[in-house]
Amino acid sequence: MQVTVNGETREIEETLTAEQLIERLGLAGRRLAMEVNGEILPRSRYAEHRFRPGDRIEIVQAIGGGCR
């Protein structure tokens, strides 16, 4: 099925979870947030959340830093 991840159309399996998508994108273990169709997906639901055809997924990475 097709979904859009950060503006790019991707073909994924219907059984793919949000957690598995993060792993495939090489983002496992990083501080990030995921939004699906305009709604924040809590990290506690990544392992169970499955996508639907046409979902719009936005993934943003937290960048640490500070002022000197």
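Residue numbers run from 1 in the order of the sequence given.
- The side chain to side chain donor-acceptor pair (under 3.5 Å) check on Glu13 picks up Arg24, with sequence neighbours excluded.
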Determine whether Thr17 and His49 satisfy the following criterion, side-chain contact (heavy atoms from CB on, under 4.5 Å), listing intermediate values before the conclusion.
CA-CA 5 Å; Thr17 65; His49 183 83; over 6 Å; no

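- The shortest heavy-atom contact between Gln61 and Arg30 is NE2-CD, 3.2 Å.
- Ile57 belongs to a hydrophobic cluster whose other members, connected by ILVMFWY side-chain contacts under 4.5 Å either directly or through intermediates, are Met1, Val3, Val5, Ile12, Leu16, Leu21, Ile22, Leu25, Leu27, Leu32, Met34, Val36, Leu41, Tyr46, Phe51, Ile59.
- Of all heavy-atom pairs spanning Arg56 and Gly38, the tightest one is NH2-N, 4.2 Å.
- Partners of Arg45 by salt bridge (Lys or Arg N to Asp or Glu O under 4.0 Å), not counting sequence neighbours, listed by chain and number: Glu48.
- Across Ala47 and Glu19, no two heavy atoms sit closer than the pair CB-OE1, 3.8 Å.
- With sequence neighbours excluded, no residue satisfies salt bridge (Lys or Arg N to Asp or Glu O under 4.0 Å) with Glu39.
- Shown here are the side chain to side chain donor-acceptor pair (under 3.5 Å) partners of Thr4, two or more places apart in sequence or in another chain: there are none.
- With sequence neighbours left out, Asp55 forms a side chain to side chain donor-acceptor pair (under 3.5 Å) with Asn37.
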